[in-house]
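First comes the structure, then the notes that go with it.
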Amino acid sequence: MADTKAIGLIGGLTWISTVDYYSTLCKRANERVGDRFVPRMYMSSINLQEFVDNVNAENHEANVALFIGEARKLEAVGAECLAMCSNTPHLYADEVAAVISIPLINIADAAARAIAKQGIKRVALTGTRYTMAAKFYREKLSEHGIELIALEEADFEWVAETIVEELTRDIFLEPTKQGYLRLFDRLGSVGVEGVILGCTEIPILLKDCKSPIPMFDTLQIHCDEILRFVFEG
């Protein structure tokens, strides 16, 4: 078969979803091509604690430098596209993309396009407090005429807490799962048409769950977009 593009992955944020990125990319590429094909991949695993410390210290510049450094290393060893294996690091996506010569495949951009294809116009976002409070999802969705509905303060804090204290620690509890499904039910009752699973550990919690409103799994959407570039350029 024709040569395909090599992927550069920045993982570790968290290792839990990074494992899912790698396995999903391998499985889907194999399904697409067959004969045990998997794409060429280079991975850098960032220390989550260093990232969190910088965020808590509001040291934006330190995290920008961290991601730029890893992106340049991946580019230097032969990566032909870059993907950050979680949502929150996309706080720095534009600054990283501006200084590398390979495409950065943006998770929020991919999610917005997937939602637009479904004809959905009003969505909510669940993720870390940094992702939910940031502008990058709202801006990408707005480009497609999609309105982002903010969570109520109590729901915002609950989602943020479950991610920090449970999901990113590899803890997945049935009461938390039911709490998310109840939240989605309440969102649907006020006219929200879909919900973005904007933390890549949330889909692990909700695996095989039936939601009252459509769920958009950003990890799966992101992997689809990465592979589109790998095979189609």
Side-chain angles (χ1 to χ4, degrees), residues 4-30 38-57 59-111 127-131 134 136 163-172 197-205 207 217-227 229-230:
T4 54
K5 304 292 193 301
I7 306 166
L9 300 174
I10 299 181
L13 306 169
T14 65
W15 67 264
I16 303 160
S17 60
T18 302
V19 169
D20 271 6
Y21 263 91
Y22 183 77
S23 62
T24 298
L25 289 167
C26 289
K27 288 175 183 176
R28 291 198 173 182
N30 183 238
V38 295
R40 289 174 293 136
M41 286 184 268
Y42 305 95
M43 183 181 293
S44 172
S45 186
I46 283 178
N47 181 354
L48 176 59
Q49 189 62 59
E50 181 180 0
F51 171 78
V52 170
D53 288 346
N54 289 336
V55 171
N56 290 338
N59 194 341
H60 182 91
E61 293 75 15
N63 270 340
V64 170
L66 177 63
F67 282 97
I68 287 176
E70 298 310 308
R72 284 175 168 162
K73 291 175 188 175
L74 291 167
E75 184 177 14
V77 298
E80 296 169 272
C81 67
L82 179 71
M84 299 190 288
C85 299
S86 53
N87 284 271
T88 301
H90 285 76
L91 288 162
Y92 320 108
D94 290 344
E95 289 157 295
V96 174
V99 298
I100 59 176
S101 60
I102 59 176
L104 187 153
I105 299 174
N106 190 299
I107 197 170
D109 194 31
T128 66
R129 67 176 62 255
Y130 314 110
T131 296
F136 66 86
I163 291 169
V164 171
E165 297 301 329
E166 297 177 25
L167 308 189
T168 57
R169 298 178 186 272
D170 202 22
I171 300 170
F172 301 95
L197 306 185
C199 165
T200 45
E201 281 77 31
I202 296 176
I204 300 172
L205 174 73
K207 185 178 180 181
D217 180 341
T218 54
L219 188 153
Q220 300 294 325
I221 291 168
H222 201 197
C223 286
D224 285 342
E225 190 68 9
I226 295 165
L227 289 177
F229 179 82
V230 166

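Residue pairs that meet the salt bridge (Lys or Arg N to Asp or Glu O under 4.0 Å) test with at least one member in residues 38-49, sequence neighbours left out, are Asp3-Arg40, Arg40-Glu80. Within the structure, salt bridge (Lys or Arg N to Asp or Glu O under 4.0 Å) contacts touching residues 18-30 (residues at least two apart or in different chains) are Arg28-Asp224.
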Trace of the side-chain contact (heavy atoms from CB on, under 4.5 Å) decision for Thr128 with Val164: CA-CA 8 Å; Thr128 66; Val164 171; 6.0 Å; no

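With hydrogens and angles ignored, the 3.5 Å screen pairs no side-chain donor or acceptor of Asn63 with any backbone N or O of Asn54. Formation of a donor-acceptor pair under 3.5 Å by the Thr18 side chain with backbone atoms of Gly12 is found in this model.
With sequence neighbours excluded, the residues forming a side chain to side chain donor-acceptor pair (under 3.5 Å) with Arg129 are Glu157, listed by chain and number. Under the side-chain contact (heavy atoms from CB on, under 4.5 Å) criterion, Val77 pairs with Tyr42, not counting sequence neighbours. Here Asn47 pairs with Gln49, Glu50 under the side-chain contact (heavy atoms from CB on, under 4.5 Å) rule; sequence neighbours left out. Glu61 is linked by a side-chain contact (heavy atoms from CB on, under 4.5 Å) to Asn59, counting only residues two or more places apart in sequence or in another chain. Residues passing the side-chain contact (heavy atoms from CB on, under 4.5 Å) test with Leu91, sequence neighbours excluded: Thr88, Tyr130, Ala134, Phe136. Here Glu70 pairs with Ser44, Lys73 under the side chain to side chain donor-acceptor pair (under 3.5 Å) rule; sequence neighbours left out. Shown here are the ring-ring contact (aromatic ring centres under 6.0 Å, His included) partners of His222, two or more places apart in sequence or in another chain: Tyr21, His90. Evaluation of the side chain to side chain donor-acceptor pair (under 3.5 Å) rule for Asp109 yields Arg113 as partners, not counting sequence neighbours. Residues meeting the side chain to side chain donor-acceptor pair (under 3.5 Å) test with Thr14, sequence neighbours left out: Glu201.
Atoms CD1 and SG, from Ile204 and Cys199 in turn, are 8.5 Å apart once rounded to the nearest 0.5 Å. How far CG of Leu48 is from CH2 of Trp15: 11.5 Å, rounded to the nearest 0.5 Å. Ile107 contributes atom CD1, which lies 11.5 Å from atom CD1 of Ile105 (distance to the nearest 0.5 angstrom).
Side chains of Ile202 and Leu167 form a contact here, defined as non-hydrogen atoms less than 4.5 Å apart. No side-chain heavy atom of Ile68 sits under 4.5 Å from any side-chain heavy atom of Tyr92. Counting only heavy atoms from C-beta outward, the side chains of Ile46 and Ile10 approach each other to under 4.5 Å. Proximity of Leu74 to Leu82: side-chain heavy atoms (C-beta onward) are separated by under 4.5 Å at one or more points. Residues Leu104 and Phe67 form no side-chain contact, since every pair of their non-hydrogen atoms from C-beta on lies 4.5 Å or further apart.
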Side-chain donor/acceptor pairs under 3.5 Å, residues 93-102, sequence neighbours excluded:
| residue | atom | partner | partner atom | Å |
| --- | --- | --- | --- | --- |
| Glu95 | OE1 | His60 | NE2 | 3.0 |
| Glu95 | OE2 | His60 | NE2 | 3.2 |
| Ser101 | OG | Glu75 | OE2 | 2.1 |

